[in-house]
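Reminder, nothing fancy here: chain letters follow the sequence lines and each chain counts from 1.
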Number of protein chains: 2
Amino acid sequence: MKEQIKTYFNRYVEFDDAEIDAIYEKLEEKIFKKKTFLLEENTICRHNYFILKGVVRLFYIDAKGHEKITQFAIDNWWITHMESFINQIPSSQYLQAVEDTTVLCLSKYNLELLYKEYPKLERMFRLVTENMLIANLRKSDIYLQMKSKERYTFFVEKLPDFAQRVPQYMIASYLEITPEYLSELRRQRN
Amino acid sequence: MKEQIKTYFNRYVEFDDAEIDAIYEKLEEKIFKKKTFLLEENTICRHNYFILKGVVRLFYIDAKGHEKITQFAIDNWWITHMESFINQIPSSQYLQAVEDTTVLCLSKYNLELLYKEYPKLERMFRLVTENMLIANLRKSDIYLQMKSKERYTFFVEKLPDFAQRVPQYMIASYLEITPEYLSELRRQRN
DNA sequence: GATCATTCTTAAGATATCTTAATTTTTACC
DNA sequence: GGTAAAAATTAAGATATCTTAAGAATGATC
């Protein structure tokens with residue numbers, strides 16, 4: 001487990017083993033069974049989660065009572081409700097395990113401690129956050145340019161890791177399509 | 001001008017005057033006349049721009065030849081094409097002054113130098129990037145939950161600074177509405 | 001102040017996507 | 001292996017939004 005996080009961290013900034021050990025000590029490993037909530041609506045998100053293995057979704061319930069998925073995350077991704085975690089305010093969304101998921105929990109408190117002690121970590125998260133921002137901007141661009149059908153083929157082709165581990169109605173939700181319409185799109189040849 | 005950037009920087013991290021001076025030296029002030037391009041499609045974005053005064057838009061031309069605006073920025077905002085700037089790859093979008101605009105240009109090269117010399121800056125941009133990410137996620141949520149009409153009233157009410165300085169067809173583009181349809185929405189009382 | 005360019009509006013017909021509701025298929029569990 | 005729960009499909013009617021094309025209004029320039 002420590003190997004996995006070490007490999008990940010060193011992709012961004014070089015940490016020596018002592019540093020990794022010290023950081024690792026502040027992380028708590030936890031298992032969330034399928035359908036378990038890592039975070040519920042209206043509660044403050046105290047952790048940023050690093051997924052060692054599994055799938056997690058972030059979603060909210062809309063005015064009509066339907067779930068709308070805004071983010072998925074799998075192995076080697078960080079997931080949290082950003083606004084809630086960063087500003088320590090109540091979350092408008094839920095974080096839930098889509099399959100049995102093992103995570104490393106990094107509390108806001110420990111993170112701030114670590115930032116003080118290891119400025120390198122400031123750099124790492126600056127880089128990680130930049131990547132998240134770019135990914136997010138890219139997602140917006142895709143939704144802006146593509147119709148439902150294209151979004152679906154794009155998703156299935158470009159993110160097979162997700163497409164295979166997540167039920168179709170969740171993909172529909174993430175792609176901002178009703179499950180019924182996605183079903184119709186799939187029927188149209190190809 | 002230096003006062004303005006000092007105030008801005010100190011909102012995130014405390015810098016002393018010597019540090020501000022040193023950072024300020026690496027910034028180049030520039031004026032872009034209305035309709036001038038700060039960045040053109042297919043070129044690498046070499047700078048991150050801090051807007052001292054003015055309005056800038058980020059947009060691309062879609063398959064049908066229509067301009068699609070993805071971001072606006074006004075006084076005291078950073079604007080760049082993130083993916084192009086961070087990874088120094090050709091940009092898929094244009095950056096253009098909507099009105100006469102004064103900016104401070106921070107080159108990728110100078111930024112990397114400054115990161116090495118002033119780790120505090122690493123922290124500042126980590127925080128700035130987090131805020132950008134949160135703003136972006138929030139924007140996505142809004143587009144997900146609101147119909148065109150609501151997006152428009154939301155925009156006009158919540159961002160009057162933009163609404164007043166930008167022509168209506170640009171607002172339409174930013175809100176992902178055709179100008180014709182926005183016109184119709186406005187006619188519907190209120 | 002006239003003229004050209006830019007921006008905004010109007011309206012009719014087209015289309016992508018949703019809603020609802022019922023049915024079928026697949027999966028999970030005792 | 002049978003039954004209940006979850007997921008996926010089908011179809012008909014409704015609706016938000018777009019497209020096209022033309023005209024009106026506003027603003028900028030000599």
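Between B:Met146 and B:Lys34, the one whose closest nucleotide on DNA chain D sits nearer the 5' end is B:Met146. In terms of position on DNA chain C, the residue among B:Tyr169 and A:Lys64 whose nearest nucleotide sits closer to the 5' end is B:Tyr169. Both B:Ser183 and A:Thr178 lie close to DNA chain C; mapped to their nearest nucleotides by heavy-atom distance, the more 5′-ward contact belongs to B:Ser183. Toward the 5′ end of DNA chain D lies the nearest nucleotide of A:Glu184, the other residue of the pair B:Ser148 and A:Glu184 mapping further downstream.
Here D:dT17 presents its P atom at 7 Å from CG of B:Leu185, a figure rounded to the nearest Å. One atom, CG of B:Leu182, and another, P of D:dT17, lie 11 Å apart when rounded to the nearest Å. Following rounding to the nearest Å, B:Ile69 (CD1) and C:dT7 (P) show an atom-to-atom distance of 11 Å. We find that NZ of A:Lys147 is positioned 10 Å from C1' of C:dT17, with the value rounded to whole Å. Distance OH (A:Tyr152) to P (C:dT17): 15 Å, rounded to an integer number of Å. Atom-to-atom, CD of A:Gln188 to C1' of C:dT17 comes out at 11 Å; the value is rounded to the nearest Å. The distance between atom CE of B:Met170 and atom P of C:dT6, rounded to the nearest whole Å, is 12 Å. Per the geometry, CD belonging to B:Glu99 stands 16 Å off P belonging to D:dG27, to the nearest Å.
No cation-pi contact links B:Arg151 to B:Phe154, judged by a cut-off of 6.0 Å to the six-membered ring centre and 45° from its axis. Within the cation-pi definition used here (under 6.0 Å to the ring centroid, within 45° of the axis), A:Lys139 qualifies as a partner of A:Tyr143.
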Review point. Checking side-chain hydrogen bond (donor to acceptor under 3.5 Å, both in side chains) for the pair A:Thr70/A:Gln93: CA distance, chi angles, key distance, verdict?
Key: CA-CA 9 Å; A:Thr70 57; A:Gln93 306 199 208; 2.8 Å; yes

**Study point:** Derivation and outcome, salt bridge (charged side-chain N to carboxylate O under 4.0 Å, His left out), residues A:Glu130 and A:Arg126
**Key:** CA-CA 6 Å; A:Glu130 281 175 359; A:Arg126 195 256 302 162; 3.0 Å; yes

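In this structure, A:Tyr181 does not reach the C:dC18 phosphate: none of its side-chain N or O atoms is under 4.0 Å from OP1 or OP2. At D:dT9, none of the side-chain N or O atoms of A:Arg187 fall inside 4.0 Å of OP1 or OP2 (strictly under the cut-off). Taking only side-chain nitrogens and oxygens, B:Lys149 never comes nearer than 4.0 Å to OP1 or OP2 of D:dA16. Using a 4.0 Å cut-off, some side-chain N or O of B:Arg186 falls inside it from OP1 or OP2 of C:dT9.
Contact of the A:Tyr174 side chain with the A:Phe162 side chain is not registered, since no non-hydrogen atoms from C-beta on lie closer than 4.5 Å.
When distances are taken from the side chain of B:Ile177 to each of C:dC18, C:dC8, D:dC18, the shortest belongs to D:dC18. Minimum atom distance to the side chain of A:Gln168 is reached by D:dA8, of the listed D:dA21, D:dA8, D:dT10. Picking from D:dT19, C:dC8, D:dA11 the nucleotide with the shortest atom distance to the side chain of B:Pro167 gives C:dC8.
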